[in-house]
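In what follows, chains carry the letters A, B, and so on, assigned in the order in which the sequence lines appear, proteins first and then strands, with residues in each chain numbered from 1.
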There are 2 protein chains.
Amino acid sequence: MTTLADVARHAGVASSTVSYVLSGKRSVSEETRERVRRAVETLGYHPHVGARALASSRSNVLALIVPLRSDMYVPVMMEIAIGVVTRARGHGYDVLLLTNDEGSEGIRRVASSARADAVILTDIGMEDDRIATIAETGVDAVLIGVPADPAGLDCVDLDFAAAGRLCVDHLAQLGHRTVAFIGEAEGVYRRHIGFAERTLRGIQDGAAAHGVDLVHRPCDASYEAAAGALARILEERPHTTGLIVQNEGIIPPLMSLLRTTGRAVPEDVSIVALCPDPVAEQTAPRLTSVTIPAAELGIRAVDLLMRRMASGAAGEVRLIPPSLTIRGSTGPRPA
Amino acid sequence: MTTLADVARHAGVASSTVSYVLSGKRSVSEETRERVRRAVETLGYHPHVGARALASSRSNVLALIVPLRSDMYVPVMMEIAIGVVTRARGHGYDVLLLTNDEGSEGIRRVASSARADAVILTDIGMEDDRIATIAETGVDAVLIGVPADPAGLDCVDLDFAAAGRLCVDHLAQLGHRTVAFIGEAEGVYRRHIGFAERTLRGIQDGAAAHGVDLVHRPCDASYEAAAGALARILEERPHTTGLIVQNEGIIPPLMSLLRTTGRAVPEDVSIVALCPDPVAEQTAPRLTSVTIPAAELGIRAVDLLMRRMASGAAGEVRLIPPSLTIRGSTGPRPA
DNA sequence: TTGTAAGCGTTATCAG
DNA sequence: CTGATAACGCTTACAA
């Protein structure tokens with residue numbers, strides 16, 4: 001293994017000089033800087049991150065905590081992860097992947113062992129246990145999601161309340177009076193995951209404002225669950241002409257079911273989805289949707305974290321305004 | 001921050017003793033061991049991983065490298081990641097997430113900076129550049145996937161050739177004589193990704209053995225691509241009664257398209273899929289499929305890596321035998 | 001502009 | 001069975 005000392009010897013300078021060339025923390029003459037650069041290059045030197053972490057008490061790692069259940073928001077999580085990793089690398093950081101089953105203990109572990117400098121949390125509950133742990137350990141953190149009380153916390157998220165509202169607005173404008181909201185699995189609401197509750201509230205507010213008759217049905221990500229939810233909706237409220245869906249997994253079955261039961265989209269029933277664009281574009285007809293900008297959430301989370309670590313600032317909630325893309329799945333209410 | 005020395009002072013022993021209690025690398029009297037334990041507990045001591053890495057030259061981190069393109073095998077990758085992280089934690093390791101866009105440079109970086117002790121590669125090409133880098137850097141590695149020449153490498157994978165063969169066997173047994181294989185995106189074959197080529201060969205061999213008339217169509221993960229591929233197949237080979245699908249993304253559109261064009265599954269056309277079980281169970285009818293045991297691949301990869309790091313053994317290719325689950329999407333060839 | 005040297009918190013060797 | 005103590009490779013005052 002080649003070390004700083006090796007490079008220094010090769011370049012004929014002191015090892016601190018090499019360190020300074022690499023960190024840029026003090027000015028070095030162009031000449032020696034070049035000599036050091038060359039030595040680094042020819043020796044293929046890579047600083048030992050452990051030694052660096054020990055000396056500087058910064059690991060240049062950030063931890064991303066994702067939910068363990070592999071059946072939830074999978075494409076969204078994957079995109080977030082990719083956004084985070086890509087952006088973090090751009091800032092010279094590596095990303096440690098933790099699963100939620102370690103819970104608060106995982107945060108405590110990586111923070112107090114100096115494995116990571118900061119953490120990014122996802123799948124945020126309205127009252128999330130881990131928030132206390134963050135405060136307690138003092139580790140820098142950014143939440144992708146917003147808890148009930150975000151005081152002092154840095155959060156990034158889509159403005160889900162506005163997103164829900166947008167869906168209803170669109171359907172109401174098209175004349176729909178009876179709308180059903182097929183949401184995430186029951187358990188998501190039971191755990192009081194922020195985005196799910198906010199979306200629901202946005203939809204409810206919109207329905208109230210427009211005088212739209214609304215029903216909410218949580219739904220597991222299985223064919224049966226989708227079939228059951230849809231059947232019940234159509235049976236109990238046969239005049240339903242508008243559907244809002246926030247559950248990527250059941251979009252394909254839902255489309256099939258509608259076709260099977262002889263309901264044309266958008267002629268008989270209009271559908272608005274809350275999902276990443278690729279998902280909305282994979283059906284026929286394509287779905288009118290409010291996009292979930294997952295990769296961007298990851299990117300912004302990293303940027304916010306960097307800002308926070310640099311300036312010590314804290315307590316910003318950044319909500320991305322939703323935007324609705326009209327595709328082929330929505331149309332005027334049938335006569 | 002509390003250090004080894006703090007614990008030692010608190011317990012009234014030498015710091016080396018604390019270290020030995022923690023590592024168990026030499027015997028310590030029950031009494032002092034207990035005293036140290038208590039001190040660790042009350043002080044909430046967590047060893048500094050950087051210092052530990054520096055002194056022991058082991059980071060207790062392994063790097064998982066996943067493809068960047070977020071549109072490919074997403075559920076599979078996510079499951080692999082979860083399997084890897086969970087198992088790694090069980091062995092006391094943390095997992096660093098790298099994307100493939102860093103390529104060989106990423107491997108070189110984490111290996112030579114001692115950021116990770118070992119790497120797990122996915123998305124393996126038949127002739128994969130990164131294999132040379134592994135040899136060159138001497139970093140411990142396990143591939144999830146098998147290159148053309150796996151000599152000296154540790155690999156884990158589903159036996160995709162056998163899996164492909166199994167699909168054809170099943171259809172042939174049901175009497176199907178004209179079969180189409182709708183595969184991954186063109187680019188996957190162009191990059192000579194191992195699993196795709198092996199599956200294709202398995203299917204081709206099976207078709208030859210059974211005298212089945214086969215055509216292979218790569219297909220992007222979009223509705224249009226699926227529609228185009230299916231239309232072309234049915235136009236050029238109207239007698240096609242069997243479909244093998246290896247492309248999770250297009251399963252939902254495919255099912256819709258068949259229904260739209262008036263083909264009943266399995267009465268008119270039988271479908272066998274190569275995908276994770278949850279995907280196969282999300283359609284109606286459910287799909288007869290050969291499962292891709294993604295989480296298990298991740299778990300086995302970690303186990304293999306641990307074995308390798310412990311014993312220095314190398315060069316094992318572990319192929320998981322495929323198993324076909326008959327569900328509702330396959331039936332006898334129509335008269 | 002550059003060099004010297006004191007840590008950073010572990011591990012592991014060498015004595016005892 | 002336990003204690004000192006020299007590394008480990010880097011950062012960062014402090015000098016020059």
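- Counted by atom type alone, A/Arg58 and A/Tyr93 present one or more donor-acceptor pairs between their side chains at under 3.5 Å.
- Electrostatic pairing of B/Asp94 and A/Arg109 counts as a salt bridge here, judged by a charged N lying under 4.0 Å from a carboxylate O.
- Residue A/Lys25 has a polar side-chain atom (N or O) positioned under 4.0 Å from OP1 or OP2 of D/dT12.
- When only modelled atom types and interatomic distance are considered, A/Ser16 and A/Ser19 share no side-chain donor-acceptor pair under 3.5 Å.
- In this structure, the side chain of B/Thr133 does not engage the main chain of B/Glu105 through any donor-acceptor pair within 3.5 Å.
- A heavy-atom distance below 4.0 Å to DNA chain D is reached by these residues of residues 5-20 of chain A, ordered by number: A/Ser16, A/Ser19, A/Tyr20.
- Of the residues in residues 26-55 of chain B, those lying under 4.0 Å from DNA chain D by heavy-atom distance are B/Arg26, B/Ser27, B/Val28, B/Ser29, B/Thr32, B/Leu54, B/Ala55.
- Rounded to a whole Å, the CE atom of B/Met1 is 12 Å from the P atom of C/dC8.
- A/Ser59 and A/Asp117 share a side-chain donor-acceptor pair at under 3.5 Å.
- One finds no salt bridge joining A/Arg89 and B/Asp101 here, because no Lys/Arg side-chain nitrogen approaches an Asp/Glu carboxylate oxygen to under 4.0 Å.
- A distance-only check finds no donor-acceptor pair linking the side chain of B/Thr86 to the backbone of B/Gly83 [under 3.5 Å].
- Between B/His91 and B/Asp303, the side chains place a donor N or O and an acceptor N or O closer than 3.5 Å (distance only, hydrogens not considered).
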